[in-house]
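Below is one structure, written out as structure tokens, with a few remarks after it.
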Amino acid sequence: SSDNRVSEEFDMEMYLSPEELDWQQKARKFAQRRILPTIEQDFDDKYFRRELVAELGAQGFLGMHISGYGCAGASAISYGLVCLELEAADSGWRTMVSVQGSLAMAAIAKFGSEDQKRRWLPGMAAGEMVGCFALTEPSGGSDPAGMLTSARYEKGRWILTGAKRWIGLASVADVAVVWAQTDDGVRGFLVPTDTPGFSAIPIDTKLSMRASIQCDVHLDNVSLPDDAVLPGARGLSAPFSCLNEARYGIIWGAMGAARSCLEVAVERVQTRVVFGKPLGAQQLMQAKLADMFVEYEKGMLLALHVGMLKAKGSLTPTQISVGKLNNVREAISIASKARMILAGDGITSEFPVMRHMANLESVRTYEGTDEIHQLIIGRALTGLSAF
Ligand code: TGC
């Protein structure tokens, strides 16, 4: 099949351990069995298939790079491969795993107290509880230093006031990790979502990632006990270190969406006949496919490189920005070429290409836009900040 042609031509197996290959296979099978059969309909209906969360937990995919507390403690590359396979089905489900594992659980694992970790992590790893991560505000996401949400300390309690926007999973979450300004800089709070004053409303007008949920969140004098604060998180480096984790997963995930588009295009050109021969025998089609494949292979090698740095503990934010900027940008370009190759069929929901294209526009925007990552790289190269 075309699937084998793409995967065979870029044979990654030699880089991977048996355990990593197992994780990849497990995720691929899960995506084929549980996501792909209903994804077009769910995307069309704007339907988040909530029951899959516990199934993702049972597979070990939630917080899988965290050790202890019911989490799998898998390698960085294993986690990347799971993101790759889930996003080959749909970016919305890779996003679910990112928000739960890389953002909400990572914040608790990195900065939480022992009690907070015990209270939340095992249930979240099992997918019995859902978490969200509330950083971005209605005024924009690129400059979290300008956040307006505040927490004031009064008579032994924290009172949170403000608004957040684009918060994945918030309306189905049990706990929100909310970042707020305090007299002592930005701090993180664990807010059970049934706390009076907390509300989350899904953003209904999305034309992208329609099988997943992003919300407007309001915090109206939400009163929390003393121990709701994450004791280890002081300043913006705390949420940024969670964004690093999520951006890492995107570097792999985007290549999954790209692979799906490439596979469809390769298959299509073999069966469709134009000017008396298969589309795939036309030189201009082969040129497009070659360019798509070259960028796919480069993106996968970059993901592996970043994964190896992460495993070694020497991954820098600049390298993460190189990976996120390149792999999402090139995935979009691959999806766009696949759309051209499929012609009219490319704009229908009979093929996954337009869905991936639409989804990738969200992926391009969240977790740092192209421009933010260019400026992070530019700052690293010049020593000069353009922010
Ligand atoms: P800057 O002065 O650079 O840094 C402030 C402090 O943070 C530290 N830091 C980092 N630490 C860890 N990892 C990183 N990647 C870090 N980047 C910065 C830095 O060392 C410093 O620490 P300290 O201890 O000295 O205070 O801050 P800046 O304001 O100049 O940063 C500029 C910039 C543009 C790099 C930063 O603001 C940025 O990355 N902006 C983009 C933010 C972003 O990605 N927003 C989208 C988030 S997506 C979302 O919220 C939705 S969640 C997903 C969902 O729910 O679906």
Side-chain angles (χ1 to χ4, degrees), residues 48 87 91-107 110-111 130-147 149 162-173 175-181 184-188 193 200 202-203 206 208-209 211-217 232-251 253 306 310 314-325 328 359 361-380 383-387:
F48 177 68
E87 194 148 358
S91 302
W93 282 101
R94 196 274 307 140
T95 299
M96 189 276 139
V97 168
S98 292
V99 170
Q100 176 92 343
S102 290
L103 294 175
M105 292 175 73
K110 283 174 196 271
F111 307 113
V130 173
C132 67
F133 186 90
L135 177 67
T136 292
E137 302 204 340
S139 56
S142 292
D143 183 18
M147 75 171 67
T149 299
K164 300 284 179 180
R165 185 162 164 85
W166 296 117
I167 307 310
L169 304 173
S171 60
V172 294
V175 63
V177 178
V178 177
W179 300 95
Q181 293 283 3
D184 206 9
V186 169
R187 302 208 64 183
T193 54
I203 298 169
K206 282 182 301 159
S208 168
M209 294 231 288
S212 77
I213 301 172
Q214 283 77 31
C215 295
D216 273 310
V217 166
R234 300 267 170 166
L236 275 175
S237 62
F240 285 161
S241 76
C242 302
L243 295 189
N244 289 342
E245 302 289 336
R247 291 169 179 172
Y248 170 76
I250 292 169
I251 295 171
V306 168
K310 186 162 168 59
S314 53
L315 181 58
T316 61
T318 309
Q319 285 295 309
I320 296 175
S321 288
V322 170
K324 204 264 178 183
L325 172 64
V328 180
N359 285 342
E361 290 299 323
S362 296
V363 180
R364 163 174 253 169
T365 301
Y366 70 27
E367 303 295 346
T369 59
D370 286 14
E371 293 80 0
I372 287 291
H373 291 297
Q374 286 171 323
L375 296 179
I376 290 171
I377 297 165
R379 179 167 70 176
L384 302 168
S385 175
F387 300 115

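The residues of the chain are indexed from 1 along the displayed sequence. Counting convention: from 1, in listed order, for ligands and their atoms alike.
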Quick check: Leu135 and ligand 1, any N/O pair under 3.5 Å apart? no
Out of all atoms in ligand 1, which are within 4.0 Å of some heavy atom of Gly368? Include the element for each. 43 (C), 44 (O), 46 (C)
Is atom 40 (N) of ligand 1 near the protein, in the sense that some protein heavy atom lies at less than 4.0 Å from it? yes
Nitrogen or oxygen atoms of Ala145 and ligand 1 under 3.5 Å apart: no
Heavy-atom contacts with Gly141 under 4.0 Å: which atoms of ligand 1 show up? List them by number with element. 42 (C), 43 (C), 45 (N), 46 (C)
Take atom 43 (C) of ligand 1 and look for protein heavy atoms under 4.0 Å from it; say yes if you find one, no if not. yes
Protein contact for atom 37 (O) of ligand 1 (heavy atom, distance under 4.0 Å): yes
Which of parallel (below 30°), tilted (30 to 60°) and perpendicular (above 60°) describes Trp179 and Phe111? perpendicular
Residue-ligand contact Arg234/ligand 1, heavy atom below 4.0 Å: no
Ligand 1 to Arg247 polar contact by distance, N or O atoms, under 3.5 Å: yes
Using protein heavy atoms only, decide if any is under 4.0 Å from atom 23 (P) of ligand 1. no
Quick check on contacts: which atoms of ligand 1 are under 4.0 angstrom from a heavy atom of Arg379? 3 (O), 30 (O), 35 (C)
Can you list the ligand 1 atoms lying under 4.0 Å from a non-hydrogen atom of Leu103? 52 (S), 53 (C)
Considering only protein heavy atoms, determine whether one is less than 4.0 Å from atom 13 (N) of ligand 1. yes
Less than 4.0 Å from atom 28 (P) of ligand 1, is there any heavy atom belonging to the protein? no
Min heavy-atom dist Pro144 to ligand 1 below 4.0 Å: yes
Is Ser142 close enough to touch ligand 1? Criterion: a residue heavy atom under 4.0 Å from a ligand atom. yes
